[in-house]
Visitor: 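Got a structure for you, questions after.
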2 protein chains.
Amino acid sequence: MAIVPKKRVLPYIILGILKLNSQMTGSEIDAEFQHEIGEFWQTTHSQIYPELKRMVADQWIGQETSSQDRKQKWYHLLPAGEHQLQNWLTEPLTPSTDDEFPLKVFFIQDQSSPILYQLLTQELQIHQAKLTHLTQRMTTLFDHQTCQTANFGHYLILQRAIERETNSLQWLETMLKQLDG
Amino acid sequence: MAIVPKKRVLPYIILGILKLNSQMTGSEIDAEFQHEIGEFWQTTHSQIYPELKRMVADQWIGQETSSQDRKQKWYHLLPAGEHQLQNWLTEPLTPSTDDEFPLKVFFIQDQSSPILYQLLTQELQIHQAKLTHLTQRMTTLFDHQTCQTANFGHYLILQRAIERETNSLQWLETMLKQLDG
DNA sequence: AGATACATGTAACCTGTTACATGATTAA
DNA sequence: TTAATCATGTAACAGGTTACATGTATCT
């Protein structure tokens, strides 16, 4: 299990949100994190506003302080940002604990998107590797009944982890079959 | 979904490890995080050593710079630390993303521990609430076929999340039945 | 004796959280 | 007009990661 550097995903989520909606204010983006995105990723406006500022500076997004309405600023995706988003979506998934998979899938709109297929395949491999690792761990640690009773909690969660991975694999395989057919 | 302050768990994990092994050096504790605990929680020696220092100062653990052997220091659990560990294990689980459940279960040694039953029950309620929430979300967002195809990715992960919760609930119920019987 | 690995420790950095702050708009 | 809320922003803090540093065994 190689050590993988933690990736920053917040900017890409914001880009994804902007792609889906095309013209938004900061607080509208914030609202997304309280609702749908919030199921998978949490943040607050204290992170969003500085991030928007940075992305404007980097020309990933454009800002329009338009209209007479309040002090609101409207943001929209720029080509560079679109490019960054595509990069993030297609770059390899890593077996991290903070699950990037649902996050990326969230931004796939089209069922026939090649990126979707790619994501499912990558995720499948990750879970296969994990399952192999876990079952191996299980046999080396708990082949004797005595070990199970001596460290019951450890045994339980390992068993649970294996079941979870199995379930994930089942789902991924079903999905891939559906897309193929 | 109430907002819950993030809890610091590292010290309690270390206490748990020390409870299981009773006499350990810093690097031995570090090794645990590379092996079994590493499945559920990651950290490095840069966090462990200062944490050990703090816990020695707080009298949660004792330190012995014994023997002629190296510069090694041996740590062991003190009553105050034992107490802190028990507190952590029994305090209510929160529906956080970073899963405390497997972490706490890991440290349960005895199958008949009342804490195990408590943890399973708490986790059951959390997952029930989450499942209810997710299914509700599903019906409000995707009751029409058109919505599914327009935002296929979103639909997919919501479906997956529901399946995952269902699977978790099944497992938890099975376990609770086994403990009862 | 020199090189390598081990055990411990510290410092700089990055990111996310909490709390505070300001103007502008709506409600009473 | 005052109070409450909304939209935006900043500052202080806390926690974890990466990189650096030091001394001590072990190996050749």
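Naming: A, B, ... by sequence-line order, numbering from 1 per chain. Predicted model only: the values in this text are computed from it and were never measured.
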Visitor: What distance do A/I162 atom CD1 and A/T132 atom OG1 have between them, rounded to the nearest 0.5 Å?
Guide: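 Here the rounded value is 10.5 Å.
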Visitor: Between atom CZ in A/R8 and atom C1' in D/dG16, what is the gap in whole Å?
Guide: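 Rounding to the nearest Å, CZ of A/R8 and C1' of D/dG16 are 15 Å apart.
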Visitor: What is the distance, rounded to the nearest whole Å, between atom CH2 of B/W41 and atom C1' of D/dG16?
Guide: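 My rounded result for the distance is 11 Å.
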Visitor: Using whole Å, what does the distance between atom P of nucleotide C/dC6 and atom CD1 of B/I29 come to?
Guide: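 Computing the B/I29:CD1 to C/dC6:P distance gives 18 Å.
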Visitor: Nearest 0.5 angstrom please: B/E100 CD to B/T94 OG1, how far?
Guide: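 It is 4.5 Å, given to the nearest 0.5 Å.
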Visitor: Which whole-number value in Å describes the distance from B/Q34 CD to C/dA7 C1'?
Guide: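 So the CD-C1' distance, B/Q34 to C/dA7, works out to 14 Å.
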Visitor: Among the nucleotides C/dT18, D/dG16, C/dT15, which one has an atom lying closest to any side-chain atom of A/S46?
Guide: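 So the nucleotide nearest the side chain must be C/dT18.
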Visitor: In this structure, how many angstroms lie between the C1' atom of C/dG9 and the CG atom of B/D30, rounded?
Guide: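 The distance from CG of B/D30 to C1' of C/dG9 comes to 13 Å, rounded to the nearest Å.
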Visitor: Which nucleotide in the list C/dT15, C/dG9, D/dA19 gets nearest to the side chain of B/Y75?
Guide: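 Out of C/dT15, C/dG9, D/dA19, the nucleotide with an atom closest to B/Y75's side chain is C/dG9.
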Visitor: Base, sugar-phosphate or nothing for A/T25? Non-hydrogen atoms, less than 4.0 Å.
Guide: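 A/T25: backbone/sugar contact only, no base atoms under 4.0 Å.
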Visitor: CD1 of B/I48 versus C1' of C/dG9: gap in Å, rounded?
Guide: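 About 13 Å, once rounded to whole Å.
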Visitor: Could you please name the option among D/dT18, D/dT10, D/dT8 that lies closest to any side-chain atom of A/Q72?
Guide: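 The answer is D/dT8.
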Visitor: Where the side chain of B/S27 is defined as all heavy atoms beyond and including C-beta, which of C/dT8, C/dT10, C/dT17 is the nearest nucleotide?
Guide: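 Per side-chain heavy atoms of B/S27, the pick is C/dT8.
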Visitor: Which nucleotide in the set D/dT18, C/dG16, C/dA19 lies at the smallest distance from any side-chain heavy atom of A/H45?
Guide: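 Closest of the options to the side chain of A/H45: C/dA19.
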Visitor: Using whole Å, report how far CD1 of B/I14 lies from P of D/dG15.
Guide: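 So the two atoms are 13 Å apart, to the nearest Å.
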Visitor: Angle class for the A/W88/A/F107 ring planes (parallel below 30°, perpendicular above 60°, tilted otherwise)?
Guide: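 Perpendicular.
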Visitor: Measuring from the side chain of B/Q47 (C-beta onward, heavy atoms only), which nucleotide among D/dG15, D/dT10, D/dT17 has the closest atom?
Guide: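 Output: D/dT17.
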Visitor: Quick one: A/R54 CZ to C/dG16 P, roughly how many Å, whole number?
Guide: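 Result: 11 Å.
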Visitor: Given C/dA7, D/dG16, D/dT18, which nucleotide is nearest the side-chain atoms of B/Y49?
Guide: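 In terms of side-chain proximity for B/Y49, the closest of C/dA7, D/dG16, D/dT18 is C/dA7.
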Visitor: Report the nucleotide, chosen from C/dT8, C/dT18, C/dA11, that has the shortest atom-to-atom distance to any side-chain atom of B/K73.
Guide: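 Among the listed nucleotides, the one closest to the side chain of B/K73 is C/dT8.
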Visitor: So B/D30 and B/Q34, side chain to side chain donor-acceptor pair (under 3.5 Å) or not? Walk me through it.
Guide: CA-CA 7 Å; B/D30 182 51; B/Q34 313 312 321; 3.1 Å; yes
Visitor: A/E51 and side chain to side chain contact (heavy atoms under 4.5 Å, CB included): which partner among A/Q47, A/K53, A/M55?
Guide: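 Between A/E51 and the candidates, side chain to side chain contact (heavy atoms under 4.5 Å, CB included) is satisfied uniquely by A/M55.
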